[in-house]
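Okay, structure first, notes after.
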Protein chains: 2
Amino acid sequence: MINNKFGSVDHFLSENNLPFEDFFRFGLSVDCVIFGYHHGTLKVLLIQRGADPFKYQWAIPGDLVSPEEDLDSSAERILQHLTGLKDIYVEQFHTFGQRDRHPAGRVVTVGYFALVESEKYQPVASHWASDIGWFDIRNIPPLAFDHDDILAKGIEFLRKKVRTEPVVFNLLPPKFTLLDIQGLYEALLLEKFDKPNFRKKILSTGVLVPLDEVQTNVAHRPAKLFRFDQERYDTLKGNTINFEL
Amino acid sequence: MINNKFGSVDHFLSENNLPFEDFFRFGLSVDCVIFGYHHGTLKVLLIQRGADPFKYQWAIPGDLVSPEEDLDSSAERILQHLTGLKDIYVEQFHTFGQRDRHPAGRVVTVGYFALVESEKYQPVASHWASDIGWFDIRNIPPLAFDHDDILAKGIEFLRKKVRTEPVVFNLLPPKFTLLDIQGLYEALLLEKFDKPNFRKKILSTGVLVPLDEVQTNVAHRPAKLFRFDQERYDTLKGNTINFEL
DNA sequence: TTTCTTAAAGTAAAAAGTACTATAACCAAA
DNA sequence: TTTGGTTATAGTACTTTTTACTTTAAGAAA
């Protein structure tokens with residue numbers, strides 16, 4: 001136990017001879033793995049770095065956390081700044097703190113993932129990134145820093161998440177067909193499903209409501225449109241719905 | 001983009017007028033939610049603080065991360081120091097970064113959880129904590145800082161984890177009965193299971209091997225002992241075993 | 001030997017999952 | 001207007017899994 005200008009903080013590191021101030025020299029950043037779904041492929045939003053280190057290399061968008069902001073607020077700020085969208089689905093998934101992960105010093109980064117309805121948003125390069133774009137998750141270029149690890153963990157996390165919670169609907173427009181959902185599941189889990197059985201399963205969860213609308217401008221029988229019923233899900237939550245396929 | 005003694009780091013906070021150094025004044029800590037299973041109840045290891053703030057209040061054991069160590073190493077160090085045990089099951093689950101969570105300044109904490117075979121270990125109070133002990137998860141005292149949140153999230157995480165991965169065996173001795181596992185599941189998930197069906201389900205996962213041994217010193221027919229087969233699990237991993245009950 | 005507790009196997013009905021087939025709706029080109 | 005191609009959607013037969021029980025028997029202790 002040490003008492004000084006930082007107040008008193010437990011730690012049993014007092015044994016080693018680092019000055020106490022050195023324990024308060026961490027940099028903290030937030031990186032956001034942003035997912036979007038486009039015509040049957042699941043994509044991630046990446047930026048191309050405009051300066052060293054890793055100049056011109058692709059990276060997961062992120063920023064330093066300000067000493068004055070909460071961690072979650074920081075993630076929201078980055079997303080807002082990057083996409084201009086509000087009320088995006090965001091969730092923290094893992095923190096990366098390898099000693100040597102950042103050449104500029106000791107920077108620990110907290111990984112968040114976000115799900116955006118990509119129709120709503122076309123990315124534009126801005127002053128802090130030379131380029132920006134969507135990449136198919138099956139074809140990602142080498143990334144800066146330890147961002148390969150971060151991305152891999154983010155995808156892994158989403159794949160697990162999808163089994164127990166209805167998060168996929170955040171990637172779709174408010175009205176969608178059953179085949180849209182199936183395509184999204186197939187793009188994410190990289191496997192094919194039987195159509196009749198898929199629709200039975202997904203309808204049996206009871207959280208989809210059919211609308212009195214069908215597709216338009218299609219060269220075949222138009223599919224019925226559905227929407228996700230959040231309230232229905234909240235009431236059913238107790239009896240663990242299984243979204244596993 | 002800013003270049004200075006910290007090297008160059010992306011950030012679009014340059015708009016506000018905080019000196020850049022202020023972005024490198026975070027403290028980082030690790031808190032470990034340590035689970036143990038004792039005679040039908042699931043317990044958590046807590047320490048009683050020996051000094052202000054929150055003097056004499058119970059808390060989740062943790063420590064500041066040294067500038068020279070990796071995040072994961074820090075968690076291992078704390079566990080080693082606290083329990084004297086090596087090769088404990090440890091995993092990161094969430095990072096807590098509310099601006100005002102620590103009165104001593106801006107300290108962000110990374111939550112880890114650990115599973116220990118509690119037979120092996122009886123806690124002893126040491127110089128840095130006035131007391132230490134196991135608490136039933138159904139009866140936890142008010143905790144220091146935001147540790148109530150951390151504990152709640154840790155328990156939640158374990159409950160989810162248990163559905164898809166065979167982590168419970170880390171809480172049991174190497175040889176155990178089927179009823180031991182059932183008791184553990186019941187203590188964790190707070191529900192009762194039908195015995196014959198439970199054993200069918202747990203055996204159907206194929207990762208338990210029966211031993212040629214039975215219980216001793218029991219006042220009834222002794223149960224057969226089993227062990228968890230890690231290798232078998234690794235080979236079956238591909239075909240997602242379901243540990244859901 | 002009897003009694004008590006618990007392990008462990010069995011069983012029958014219901015539910016869920018799987019792999020299909022069949023039908024009907026719709027568009028577009030002939 | 002007809003016809004062919006495509007896709008939504010319903011249905012069906014079969015297998016497997018789950019669920020809620022009952023039964024049997026193995027040990028320990030009185």
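The sequence lines fix the lettering, A, B, ..., with proteins before strands; numbering per chain opens at 1.
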Length of the CZ-P vector between B:R199 and C:dT6, whole Å: 13 Å
A:F198 CZ to D:dT9 C1', straight-line distance once rounded to whole Å: 15 Å
Residues in side chain to side chain donor-acceptor pair (under 3.5 Å) contact with A:Q98, at least two apart in sequence or another chain: B:D70
Short side-chain donor-acceptor distance under 3.5 Å, B:Q80 and B:E76: no
Ring geometry between B:F35 and B:F113 (parallel below 30°, tilted from 30 to 60°, perpendicular above 60°): perpendicular
Contacts of type salt bridge (Lys or Arg N to Asp or Glu O under 4.0 Å), residue A:K195, not counting sequence neighbours: none
Between D:dT24 (C1') and B:K195 (NZ): distance, integer Å: 14 Å
Candidates A:K160, A:E156, A:K153 - the one meeting side-chain contact (heavy atoms from CB on, under 4.5 Å) with A:F93: A:K153
Touch class at under 4.0 angstrom, heavy-atom based, for B:L179 against every strand present: sugar-phosphate
Stepwise salt bridge (Lys or Arg N to Asp or Glu O under 4.0 Å) test for A:D136 and A:K43: CA-CA 4 Å; A:D136 189 329; A:K43 299 189 176 176; over 6 Å; no
Side chain to side chain donor-acceptor pair (under 3.5 Å) against B:E231, all qualifying residues, sequence neighbours excluded: none
Letter per nucleotide, 5' to 3', of nucleotides 19-30 of chain C [B base touched, S only sugar-phosphate touched, - untouched; heavy atoms, 4.0 Å]: BBB--BBBS---
A:K224 side chain near D:dT9 phosphate (N/O to OP1/OP2, under 4.0 Å): no
Rounded interatomic separation in angstrom, taking CZ from B:F193 and C1' from D:dT19: 14 Å
By salt bridge (Lys or Arg N to Asp or Glu O under 4.0 Å) - contacts of A:K161 (at least two apart): A:E91, A:E165
Salt-bridge criterion met for B:R77 and B:D63 (N-O under 4.0 Å): yes
Between D:dT18 (P) and B:I202 (CD1): distance, integer Å: 12 Å
Protein-nucleotides 15-17 of chain C N/O pairs under 3.5 Å:
residue	atom	partner	partner atom	Å
C:dG17	OP1	A:K201	NZ	3.4

Rounded interatomic separation in angstrom, taking CD from B:Q215 and P from D:dA28: 11 Å
Atom pair distance, as rounded to whole Å: CZ in A:F226 and P in D:dA8: 11 Å
